[in-house]
Amino acid sequence: MAFSVVQSRAIAALTLLPVSVETDLSNGLPQFSIVGLPDAAVREAKERVRSAIINSGFEFPQRRITVNLAPADLPKDSGRFDLAIAIGILIASGQISSARLSATLGELIFVGELSLTGQLLPIRGAFAMAVGFLREQTSQHRLILPLQNQAEASLTDSDRLCFAASLAQVAAHLKTATSLAGLQPQGRHSRSQRSQESWSDVRGQHAAKRAALIAAAGQHNLLMLGPPGIGKSMIASRMATLLPDLSHAQACELAAVQSLSGSIDLASWQRPPYRAPHHSASSRALIGGGQPVRPGEISLAHHGVLFLDEFPEFARDALESLREPLEKSEVSIARVRDRVTFPADIMLIAAMNPCPCGYFGVRHPKRHCRCTPDRIARYRNRISGPLMDRFDMVIGLEAPSADELLHPLTEITQGQAADRQDDATIKSSVDKARHHQQRRQSCLNARLSIAEIQRHAPLDVQAEQLMSKAARHWGWSARSWHRVLRVSRTIADLADAADVGLTHVAEAIELRRAIDLGAQDGVT
């Protein structure tokens, strides 16, 4: 009886799990069985492995073959176990043997999907697997991945990763110590060029641009309310251009999440992401799910911007599913067998019309709103109070005048006009404010805890009186109170002010007034 054991890995969300591939060849009628809780893709590996072995110049054993993927109670999915199964069969049948084989097998972990010709195909989540593998304490191990995953996996800059193009190449490495491909040279991935979209393209909307600047500086959630065609989507699409490049650690964290969905972009892997799902997206599409569990839009926008246009048109359960992730900056998805967690540190930007027809409150003789008060209330009530309370700012937009369309000026920094060439100055204001925050508290203002707010955003007597008066008048919750303080701290940082003053608090209250007005009128 011939027997072999080779090592592979399964992945659950961002967690790497060890899997031992045990292969037994025994006498009896030719049969090929795979056990160990495999899904359909793993069970179909029998045909892929059989053809790959034959087309790679080896013989497929005409014996009873049993492959066990241990531990047996861990679900196995996808074709990533093909390579380990094929190597296990070749070793058990004696077609791969050498004096150094037993020592070499103890160091190698095999992950890869096989084509019928024996070539290794790229696998989903290769970068996430590489990152999880490098976190393991056993530094003597090496991970073998398909060559087509080399570009993304090499972002980790580790010499413990090897890449092979085919089953025959891996077999030759085990038999004769033929070298496998390693990492690509350093500097292979340059930072992508920033978008050419300019803030001067947005005509008028000076208050909205100011709110966008504050949101980007402190990573605050922003809701824009206004009639169609006035620039809400245009403003949101330019929000990510204000954010600084991600650090290497942040970029790797984001790339690991993106690799699980097959959407990793090597050309812009250090740029903050911008995600704008359609309003027909389900709750599973927004927060993640499925079997196996995949990250949703909120995790794919990690360290970036998630824009939800036509906000009330999203399904109610999809919107409500965002409430906890917005507070915790992570998504926890519970299943019967386990619980997985994805990061979700995002800036939420949303846009909506004031009513179903879009023209409520528009002061123009040709634009009349024909919605009844009850219909407007039902439309706005699609956004629950707890979800609305998650927004730091709500800004109302009006259509720009003809003069603003003819003479584009961007007044968002200290009341000064800035044209297309001053986009860099605008971004510099955001960078400077974020630098103040990181130096002072090692996080952005939107992520300040209650204790940190009290320490880093103390109010003078006049500011305290204004806050108390506003809180009593609007009936603020504790969450509302602290969100206003966080925004006030960001406004002070943009003004290079060490302390939060009356003017900073007044502007923060004004930026939240639309929420409170809607709540008072019973339409949110």
Restricting to non-hydrogen atoms, name the atom on [X] and the atom on [Y] that form the minimum distance, rounded to 0.1 Å.
X      : Y      : value
Thr341 : Ala13  : O-CB, 4.4 Å
Ala301 : Arg275 : CB-CG, 3.6 Å
Cys252 : Leu155 : SG-O, 4.3 Å
Gln270 : Ala251 : CG-CB, 3.9 Å
Phe127 : Glu152 : CD1-O, 2.9 Å
Leu243 : Arg434 : CD2-NH2, 3.3 Å

Residue list, side-chain contact (heavy atoms from CB on, under 4.5 Å) with [X], at least two apart or on another chain:
X      : answer
Glu310 : His279, Glu313, Asn353
Gln438 : Leu444
Leu74  : Ala10, Leu17, Val19, Pro71, Lys76

Compute whether any side-chain donor of one residue and acceptor of the other, for [X] and [Y], lie under 3.5 angstrom apart.
X      : Y      : answer
Arg80  : Ser78  : yes
Gln119 : Thr117 : no
His436 : Asp496 : yes
Asp77  : Gln291 : no
Ser261 : Ser263 : yes

Working to the nearest 0.5 Å, report the span between [atom1] of [X] and [atom2] of [Y].
X      : Y      : atom1 : atom2 : value
Arg294 : Leu260 : CZ    : CG    : 7.0 Å
Asp245 : Gln250 : CG    : CD    : 10.5 Å
Leu222 : Phe307 : CG    : CZ    : 10.0 Å
Leu120 : Leu147 : CG    : CG    : 9.0 Å
Asn221 : Ile349 : CG    : CD1   : 7.0 Å

Self-check item: Set of residues satisfying side-chain hydrogen bond (donor to acceptor under 3.5 Å, both in side chains) with respect to Asp39, sequence neighbours excluded
Solution: none
Self-check item: Contacts of type salt bridge (charged side-chain N to carboxylate O under 4.0 Å, His left out), residue Arg50, not counting sequence neighbours
Solution: Glu47
Practice problem: For Glu59, enumerate each residue passing the salt bridge (charged side-chain N to carboxylate O under 4.0 Å, His left out) test, keeping only those at least two apart in sequence or located in another chain. | Solution: none
Quiz item: Between Arg390 and Glu320, is the closest basic N to carboxylate O distance under 4.0 Å?
Solution: no
Quiz item: Going through the checks in order, is the salt bridge (Lys or Arg N to Asp or Glu O under 4.0 Å) test met by Glu136 and Arg9?
Solution: CA-CA 12 Å; Glu136 296 181 355; Arg9 290 292 185 271; 3.0 Å; yes
